[in-house]
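All chains are named by letter (A, B, ...) in the order of the sequence lines, taking the proteins before the strands, and each is independently numbered beginning at 1. Note that the coordinates shown come from a computational prediction; the quantities given were computed from them, not determined experimentally.
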There are 2 protein chains.
Amino acid sequence: MQKKLTGQAVLDLVKTVKFDTAGLVPAIAQDRKSGEILMLAYMNSESLRLTLKTGIVHYYSRSRKKLWKKGESSGNVQKLHKIAIDCDGDALLLTIEQIGDAACHTGYRSCFFRTPGSQGLIARGKKVFNPDKVYGIGRKKIE
Amino acid sequence: MQKKLTGQAVLDLVKTVKFDTAGLVPAIAQDRKSGEILMLAYMNSESLRLTLKTGIVHYYSRSRKKLWKKGESSGNVQKLHKIAIDCDGDALLLTIEQIGDAACHTGYRSCFFRTPGSQGLIARGKKVFNPDKVYGIGRKKIE
């Protein structure tokens, strides 16, 4: 887990982030062991503070327009191990441990499971769970 | 290098991408060998098509408001090996070979070289080149 940051360190980081006009910053989640990229989502300052305070990754859901604790319905939470900010201050990189082995609400391990082939996009990733079993058939899927 | 895609495959991919209201999509560049995340930048449909056509990564510079061939002044171009699109179609993952070993205009290998510590943000990454030598002292740095 990310070593507990002092209040000052949290303040410094939040102050350095250049949130966009909607108050958001993209955050990449990378598996700490395999290095695999699991997803890209957005944080606002509240979700960033909460992530740093709890060590559990929180995003901001642009579709639901609310704070989103990743894994709140599936149980597939993300434990923060390291956070880095880029040279411009407008992107974050989260090194995480993915509980439940899957980050994507489709059941794939990574959200980046589609690559182009001659017959269109092909799903190549590893499917870890059946979303109907996790979220219930026909239920709106919330990660 | 990314296997040459058919015109149809390029069309399918570009059609699937959900560009934002500014016509952009975030693209993560990951080193194909180490798995290290080197940068996050943005593409418009023109830069995406050009990347797929040439195998050399092109972004769209939001600050300069123009097409940006990564490495156009430093020579540190990125060769595309694989491209993947996420479940929502609103983010891309580029697996690349970074020529010159550094992606960041500051001279660091990765743009994500800063992490929070008790004394504020700390530069922890590997510095590969001196930007003054590559871009000229005081010159506006263009990657």
Side-chain angles (χ1 to χ4, degrees), chain A residues 2-6 8-16 20 26-28 30-31 34-42 52 62-63 82-95 103-108 110-125 141 143, chain B residues 2-6 8-16 20 26-28 30-31 34-42 52 62-63 82-95 103-108 110-125 141 143:
Chain A
Q2 163 84 46
K3 197 177 152 192
K4 199 163 165 53
L5 296 172
T6 61
Q8 190 57 47
V10 171
L11 210 65
D12 281 355
L13 179 61
V14 177
K15 212 172 58 186
T16 306
D20 66 14
I28 304 161
Q30 182 174 33
D31 185 276
S34 67
E36 194 177 359
I37 302 306
L38 300 179
M39 58 188 282
L40 182 145
Y42 293 82
L52 295 171
R62 297 184 303 171
S63 56
K82 206 180 87 178
I83 187 164
I85 183 168
D86 79 347
C87 50
D88 298 326
D90 60 6
L92 297 171
L93 174 60
L94 316 172
T95 309
C104 190
H105 70 286
T106 57
Y108 283 92
S110 164
C111 292
F112 294 95
F113 62 87
R114 296 182 294 168
T115 57
S118 58
Q119 302 299 315
L121 289 171
I122 300 165
R124 292 185 203 265
K141 291 166 190 66
E143 288 189 280
Chain B
Q2 163 84 47
K3 197 176 153 193
K4 199 163 165 51
L5 297 172
T6 62
Q8 190 56 47
V10 171
L11 211 66
D12 281 355
L13 179 61
V14 176
K15 213 172 57 186
T16 306
D20 66 14
I28 304 161
Q30 181 174 34
D31 185 276
S34 67
E36 193 177 2
I37 303 306
L38 300 179
M39 59 187 284
L40 181 146
Y42 293 82
L52 295 171
R62 296 184 303 170
S63 56
K82 205 179 88 179
I83 188 165
I85 183 168
D86 79 347
C87 50
D88 298 326
D90 60 5
L92 297 170
L93 174 59
L94 317 172
T95 310
C104 190
H105 70 285
T106 58
Y108 283 93
S110 164
C111 292
F112 294 95
F113 61 88
R114 295 182 295 169
T115 57
S118 57
Q119 302 298 314
L121 289 172
I122 301 166
R124 293 185 203 265
K141 291 166 191 67
E143 287 188 279

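Once rounded to the nearest 0.5 Å, the distance linking CZ of B:R124 with CZ of B:R114 reads 12.5 Å.
Counting only distance, with no hydrogens or angles, the side chain of B:D12 and the backbone of B:T16 share no donor-acceptor pair below 3.5 Å. Counting only distance, with no hydrogens or angles, the side chain of A:Q30 and the backbone of A:G35 share a donor-acceptor pair below 3.5 Å.
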Inset, instruction - Take B:Y108 and A:C87 through the side chain to side chain contact (heavy atoms under 4.5 Å, CB included) test and state the conclusion after the steps. - result: CA-CA 9 Å; B:Y108 283 93; A:C87 50; over 6 Å; no

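Per-residue heavy-atom pair counts under 4.5 Å with chain B were compared for A:T6, A:L13, A:I85, A:D90, and the maximum is reached by A:I85. Most heavy-atom pairs under 4.5 Å with chain B: of the set A:G120, A:A123, A:S34, A:A91, this distinction falls to A:A91.
Heavy atoms closer than 4.5 Å to chain A are found in both the backbone and the side chain of B:L93. Looking at B:L92, the atoms closer than 4.5 Å to chain A (heavy atoms on both sides) all sit in the backbone: N, CA, C or O.
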